[in-house]
Number of protein chains: 2
Amino acid sequence: MVTTQPAAVDRPPTIHDIAALCGVAASTVSRALSTPERVNIRTRQRIQAAAAQLHYIPNSQAKALSSGRTGAVGVLVPDITNPFYFDLIRGTQLQLKAAGYTQLLVDTEESDEVEASTMEQLRKSADGIVVTASRLSDEALLAAAAKMPMVTVNRDVPGVPAVLIDTPSATTQALDHLISLGHTRIAYMAGPVTSQSSTRRWSTLSEAAEERGVEVRRLGPFAPKTQSGAAAADAAVHSGVTACIAFNDLIAIGMLQRLRERGIRVPEDMSIVGCDDIFGADFCNPPLSTMASPIEQAGRVAVSMLLAQLNPLAGGGTRSRSVMPTHLTVRGSTGAAPG
Amino acid sequence: MVTTQPAAVDRPPTIHDIAALCGVAASTVSRALSTPERVNIRTRQRIQAAAAQLHYIPNSQAKALSSGRTGAVGVLVPDITNPFYFDLIRGTQLQLKAAGYTQLLVDTEESDEVEASTMEQLRKSADGIVVTASRLSDEALLAAAAKMPMVTVNRDVPGVPAVLIDTPSATTQALDHLISLGHTRIAYMAGPVTSQSSTRRWSTLSEAAEERGVEVRRLGPFAPKTQSGAAAADAAVHSGVTACIAFNDLIAIGMLQRLRERGIRVPEDMSIVGCDDIFGADFCNPPLSTMASPIEQAGRVAVSMLLAQLNPLAGGGTRSRSVMPTHLTVRGSTGAAPG
DNA sequence: CAAACTTTGGCAATCGGTTGTCATTTAGAT
DNA sequence: ATCTAAATGACAACCGATTGCCAAAGTTTG
């Protein structure tokens, strides 16, 4: 008995314990478990049985250290309390789990610095990352993508695989909806200046408005939180518009609350359209007309694209860009223009 | 020049690169960076300068493997799309980040099996875990707590440090509120049978009801989702009560929607009280009377308790149980009993 | 100026796996 | 029966840090 401890105390079993139990080398155990075809079936079965008996669980740290693969994928969101990300996160989580990966979820607090440092941090502890609504510059993002596999969501940078949500087309639908209700003075309540989706939505909107000969003015920017809705509502009222298209549902819902406080009726005096169809959009008062899209699916697609990058085996031309459809869901917050 | 590669390609720098650059041993670099007082100040400064110059970032995998500490804490939630957990998650995230830890967030999908396997998985990749609303048995939880530092939230098991939310006392407040409005036939819409908080709330409630001489019946169980609210509403109407106390806000909001569909007015025909004061409770229609508590703070406290377990240095008697206060927030969903 | 003690930093083992290399066994082909 | 090729499994280096041990250098004290 030269072995250090015949009956290991309580320390989790390692491949060495299995090797000792089976009378083979540790490397054989490793192969039996990760490349079964490299090991004789009889040896393999003995090893697998021993592993099961010992309740062996591979140490992911050690595995990552020697193989370079961590089996984890980072998911960066700007604000974990924004309901928009719930479904997205659930989508990524489900898809990652199905593929045997672990999700590392990080809230970057809407800060480009936190985002950048998180990426650096994750560089060695994740195999790839999904970055949602990045606040970084195109250059920074491109540089980061060169260092590790990456897929963006809601952010289009040439050269970086992305999942985009086709809000521009839905924005046009929303505009037509409002025009058909007789509105001619409309406001766009902008999101953060660093948000690419806000910028793009505005350019689509102003272009479409020009074509249709209606006036759309841009107000804001507003932080994507319900609290900002109060300022947004006041700005809208002051500007004299009869309808608003908000950057997202949080702002829209905040506006609803503020307008109610001020005694301004929705939709009789003012129509509001949100974006994202988040949790709550269907039960606020009045229920919010909003642009909906399959967010959970977007999360799943993003992960699929990332995993395709990580395991380029099955081929099948890696898509580098995927656009999720969007449609306008009309509820109670939009109605005929006053007067 | 015996060194393998004078100008390292692009591979992230390691302590060996720093050591080579400074002409010291790797172990000295390690010490200079983690136990600075063990290294001469001049050497240390040279090393630190070199580390900065090389943009050195320690490899957390390697660190974890050799030190046994991972610098990560797992946070298990049953359903990431339940808004109740948003604030909790944010609280844990903030507190962990402040202490230099990484948060590993996992959605256990309301399943005890996923919960158990996740714990096993995390055993080697996290230093401790925060378990919210566990679906496991007391024994399983106790056994798991013996294997790794753990703090539960909303789950009380003797021997396991816990953060509890004092909903029982708020439940009594809610009951008194309803009684003062003239209600005498009241229902409790129960949550999952495996939920300890639902069970405890019911026992407090039925006891208090008896003392006060009013009738409170238990309906359900209902899944903690808005979709379950429809069934809950129908059950409440059928049972002839005039007021309901729901297990949580999701169920309560679902009831609100269903009652509206059925043309039953809230609060004129039926009063509803929720629990948790989640996102949406203030802007649903009518705004929900609910039991509120500082959820984000609960997350922070849970992490503090866990970290105290991990670093028993500063002493200060580790609290093993912390109760968060709760109060009833009265909004528009409760009113005088009909008739 | 020597003895005793403290500081400092190098060596090497270790954490738990992965993986390239190579010798040996086994099987198939001729 | 002989030769070749394939299958198998052991050895050892390695991933990037941490840490116990120890020797060399420096400092203080008598």
Side-chain angles (χ1 to χ4, degrees), chain A residues 3-5 8-9 11-48 50-51 54-72 121 123-127, chain B residues 3-5 8-9 11-48 50-51 54-72 121 123-127:
Chain A
T3 43
T4 45
Q5 285 172 327
V9 270
R11 172 182 51 79
T14 71
I15 51 169
H16 296 96
D17 298 323
I18 300 178
L21 191 59
C22 296
V24 299
S27 56
T28 303
V29 176
S30 173
R31 287 204 176 82
L33 265 25
S34 48
T35 40
E37 68 280 4
R38 284 276 294 114
V39 167
N40 183 294
I41 186 163
R42 299 188 50 219
T43 317
R44 185 204 312 171
Q45 285 175 344
R46 257 176 42 228
I47 291 176
Q48 288 172 337
L54 259 42
H55 299 296
Y56 169 72
I57 293 175
N59 180 320
S60 54
Q61 318 289 336
K63 190 175 278 193
L65 186 54
S66 54
S67 69
R69 280 171 276 102
T70 62
Q121 199 69 42
R123 188 168 164 196
K124 292 265 58 176
S125 40
D127 294 341
Chain B
T3 44
T4 46
Q5 285 172 326
V9 271
R11 172 180 50 79
T14 71
I15 51 170
H16 296 95
D17 298 322
I18 300 178
L21 190 61
C22 295
V24 299
S27 56
T28 303
V29 176
S30 173
R31 287 201 180 85
L33 265 25
S34 49
T35 39
E37 69 280 5
R38 283 279 291 116
V39 166
N40 182 296
I41 186 161
R42 299 186 50 217
T43 317
R44 183 204 314 171
Q45 286 174 344
R46 260 180 35 233
I47 291 175
Q48 288 171 339
L54 260 39
H55 299 295
Y56 169 72
I57 293 176
N59 181 318
S60 52
Q61 319 288 336
K63 191 175 280 194
L65 185 54
S66 54
S67 69
R69 280 169 275 104
T70 63
Q121 198 70 41
R123 186 167 166 198
K124 293 265 56 176
S125 41
D127 295 341

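Below, read A as the first sequence line, B as the second, and so on, with proteins coming before strands; counting in each chain starts at 1.
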Remember a base hit wins even if backbone is also touched, and classify [X] as base, sugar-phosphate or nothing at under 4.0 Å, heavy atoms.
| X | result |
| --- | --- |
| Ser30(B) | base |
| Ser60(B) | nothing |
| Thr14(A) | sugar-phosphate |
| Val29(A) | nothing |

Expected output: side-chain Ser30(B) to main-chain Ala26(B) donor-acceptor under 3.5 Å =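 Side chain of Ser30(B) to backbone of Ala26(B), a donor-acceptor pair under 3.5 Å: no, none is there.
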query = Has the side chain of Arg31(B) got a donor or acceptor atom that lies under 3.5 Å from a matching backbone atom of Val39(B)?
reply =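 It does not hold such a pair.
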Tell me: [atom1] of [X] to [atom2] of [N], nearest whole Å?
| X | N | atom1 | atom2 | value |
| --- | --- | --- | --- | --- |
| Gln45(A) | dT8(D) | CD | C1' | 16 Å |
| Leu33(A) | dT18(C) | CG | P | 8 Å |
| Arg42(A) | dA7(D) | CZ | C1' | 15 Å |
| Glu37(B) | dT19(D) | CD | C1' | 14 Å |
| Lys124(B) | dG16(C) | NZ | P | 6 Å |
| Arg44(B) | dT8(C) | CZ | P | 9 Å |
| Arg38(B) | dT18(D) | CZ | P | 14 Å |
| Arg123(A) | dC15(D) | CZ | P | 16 Å |

query = Starting at the 5' end of DNA chain C, which residue's closest nucleotide do you reach first, Ser34(A) or Ala62(B)?
reply =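 Final value for this comparison: Ala62(B).
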message = If you assign each of Arg31(B) and Asn40(A) to its closest nucleotide in DNA chain D, which residue comes earlier from the 5' end?
response =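 The residue mapped nearer the 5' terminus is Asn40(A).
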key: Which residue lies more 5' along DNA chain D, comparing Ser27(A) with Lys63(B) via nearest heavy atoms   =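 Mapping each residue to its closest nucleotide by heavy atoms, the 5'-most match is Ser27(A).
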ask   = OP1 or OP2 of dT14(C) sitting under 4.0 Å from any side-chain N/O of Ser66(B)?
value =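 No.
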query = Quick one: is dT19(D) close enough that its OP1 or OP2 comes under 4.0 Å of any side-chain N or O from Arg69(B)?
reply =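 Affirmative; the distance criterion is met.
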ask   = Are any of the side-chain heavy atoms of Ile57(B) and Lys124(A) separated by less than 4.5 Å?
value =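 The answer is no, as the side chains (C-beta and beyond) never meet within the 4.5 Å cut-off.
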inquiry  = Measuring from the side chain of His16(A) (C-beta onward, heavy atoms only), which nucleotide among dG17(C), dC21(D), dG9(D) has the closest atom?
reply    =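 Closest of the options to the side chain of His16(A): dG17(C).
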task = Report the distance from atom CG of Asp127(A) to atom OG of Ser67(A), rounding to the nearest 0.5 Å.
result =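 The distance works out to 8.0 Å.
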message = Rounded to the nearest 0.5 Å, what separates atom CG in Leu33(A) from atom CD1 in Ile18(A)?
response =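 Leu33(A) CG to Ile18(A) CD1: 6.0 Å, rounded to 0.5 Å.
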